[in-house]
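Starting from 1, each residue takes its place in the sequence as its number. Both backbone and side-chain heavy atoms feed into the values below; hydrogens, waters and symmetry mates do not. All of these numbers come straight from a predicted model, not from anything done at the bench.
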Amino acid sequence: QVQLVESGGGLVQAGGSLRLSCAASGGTFSTYITAWFRQAPGKEREFVAAITWNGGNTNYSDSVKGRFTISRDNGKNTLYLEMNSLKPEDTAVYYCAARRWYGSSWPEVQRYDYWGQGTQVTVSS
């Protein structure tokens, strides 16, 4: 019954910035991990960044580390992805995902139970 809705995608020039949002509803997220994934045409869905809802611990893929920042607003039940220094290779559909997680390591993509519909990010050169 958890629902996730992404927004904020669009067209931006290389070097520019974009902020994605994911509105979450239908659950209590204090014990959840939330994350951003992306999928380019012809490619598998890949991990971008994750954050624990309660403690705010973060994890980033090497390709975005130092450029993207994941955050969440507990009061608004909203997940964010601040994307800076965008590159054409960042072009993809971006998805937010969530799951209740009790493990000691970060979940893989197949472990996430709930997904948004995705928002398109296109970076032009």
Exercise for review: Using a 4.5 Å cut-off on heavy atoms from C-beta on, say whether the side chain of Arg45 contacts that of Trp115.
Suggested key: yes

Review point. Got a sec, which pairs hit side-chain hydrogen bond (donor to acceptor under 3.5 Å, both in side chains) with one end in residues 16-31, sequence neighbours left out?
Key: Ser17-Asn84, Thr31-Arg100

Point to revise | Test ring-ring contact (aromatic ring centres under 6.0 Å, His included) applied to Phe47 - qualifying residues, sequence neighbours left out | key: Phe37

Review point. Is there a path of hydrophobic side-chain contacts, each under 4.5 Å between heavy atoms of I, L, V, M, F, W or Y residues, that connects Val109 with Ile33?
Key: yes

**Study point:** Heavy-atom donor-acceptor pair, Thr91 side chain to Glu89 backbone, under 3.5 Å
**Key:** no

Using distance only, find each side-chain donor-acceptor pair of residues 52-59 under 3.5 Å and give its atom names and separation, not counting sequence neighbours.
from, atom 1, to, atom 2, distance (Å)
Thr52, OG1, Gly56, N, 3.1
Thr52, OG1, Asn57, N, 3.0

Point to revise | Residues, nucleotides or ligands: over 12 heavy atoms within 6.0 Å of Gln3 CD | key: no

Practice item. Indicate yes or no: at least one non-hydrogen side-chain atom of Thr122 is less than 4.5 angstrom from one of Val12. Key: no

Point to revise | All pairs passing salt bridge (charged side-chain N to carboxylate O under 4.0 Å, His left out) where residues 115-125 contributes a residue, at least two apart | key: none

Practice item. Could you list all the disulfide bond (SG atoms under 2.5 Å apart) pairs where at least one residue sits in residues 6-40, not counting sequence neighbours? Key: Cys22-Cys96

Check your understanding: Looking only at heavy atoms, which two atoms of Thr34 and Ala98 are closest? And how far apart?
Key -> CG2-CB, 3.8 Å

**Study point:** Residue pairs fulfilling salt bridge (charged side-chain N to carboxylate O under 4.0 Å, His left out) with at least one residue in residues 7-16, sequence neighbours excluded
**Key:** none

Review point. After noting the C-alpha distance and the side-chain angles of Leu20 and Glu6, does the key distance pass the side-chain contact (heavy atoms from CB on, under 4.5 Å) rule?
Key: CA-CA 7 Å; Leu20 306 182; Glu6 303 96 334; over 6 Å; no

**Study point:** Set of salt bridge (charged side-chain N to carboxylate O under 4.0 Å, His left out) partners for Arg67, sequence neighbours left out
**Key:** Asp90

Revision key, fill the gap. Here the disulfide bond (SG atoms under 2.5 Å apart) pairs for residues 51-89, sequence neighbours left out, are none

Practice item. For Tyr32, enumerate each residue passing the ring-ring contact (aromatic ring centres under 6.0 Å, His included) test, keeping only those at least two apart in sequence or located in another chain. Key: Phe29

Check your understanding: Can you name the nearest heavy-atom pair linking Ser125 to Ala14, along with the distance?
Key -> CA-CB, 4.3 Å

Practice item. Quick one: closest heavy-atom pair of Val48 and Val64, and the distance? Key: O-CG2, 3.5 Å

Revision key, fill the gap. Sequence neighbours excluded, the answer for salt bridge (charged side-chain N to carboxylate O under 4.0 Å, His left out) partners of Asp73 is none

Practice item. Kindly compute the distance separating OG (Ser71) from CD1 (Ile51), expressed to the nearest 0.5 Å. Key: 6.5 Å

Exercise for review: Step through the shown structure and confirm whether more than 12 heavy atoms of other residues, nucleotides or ligands are within 6.0 Å of CD on Gln110.
Suggested key: yes

Practice item. Grab the two heavy atoms, one from Ile70 and one from Tyr60, that are nearest each other, plus how far apart they are. Key: N-OH, 2.9 Å

Exercise for review: For Lys65, check salt bridge (charged side-chain N to carboxylate O under 4.0 Å, His left out) against everything at least two apart and list the hits.
Suggested key: Asp62

Check your understanding: Between CZ of Arg38 and CD of Gln120, what distance do you get to the nearest 0.5 Å?
Key -> 12.0 Å

**Study point:** Least distance between heavy atoms, Val93 atom then Gly118 atom
**Key:** CG1-CA, 3.8 Å

Revision key, fill the gap. The side chain to side chain donor-acceptor pair (under 3.5 Å) partners of Arg72 (sequence neighbours excluded) come to Asn74

Practice item. Taking Glu44 for its side chain and Gln39 for its backbone only, find out whether a donor-acceptor pair lies under 3.5 Å. Key: no

Check your understanding: Taking all atoms of both residues into account, what is the closest heavy-atom pair of Tyr95 and Gly116, and its distance?
Key -> CD2-O, 3.6 Å

Practice item. State whether the side chain of Trp36 and the backbone N or O of Tyr80 hold a donor-acceptor pair below 3.5 Å, judged by distance alone. Key: yes

Practice item. Quick one: pull up CZ in Arg99 and OH in Tyr112 and give me the separation to the nearest 0.5 Å. Key: 8.5 Å

Check your understanding: Measuring from Leu81:CG to Thr119:OG1, what's the distance to the nearest 0.5 Å?
Key -> 11.0 Å

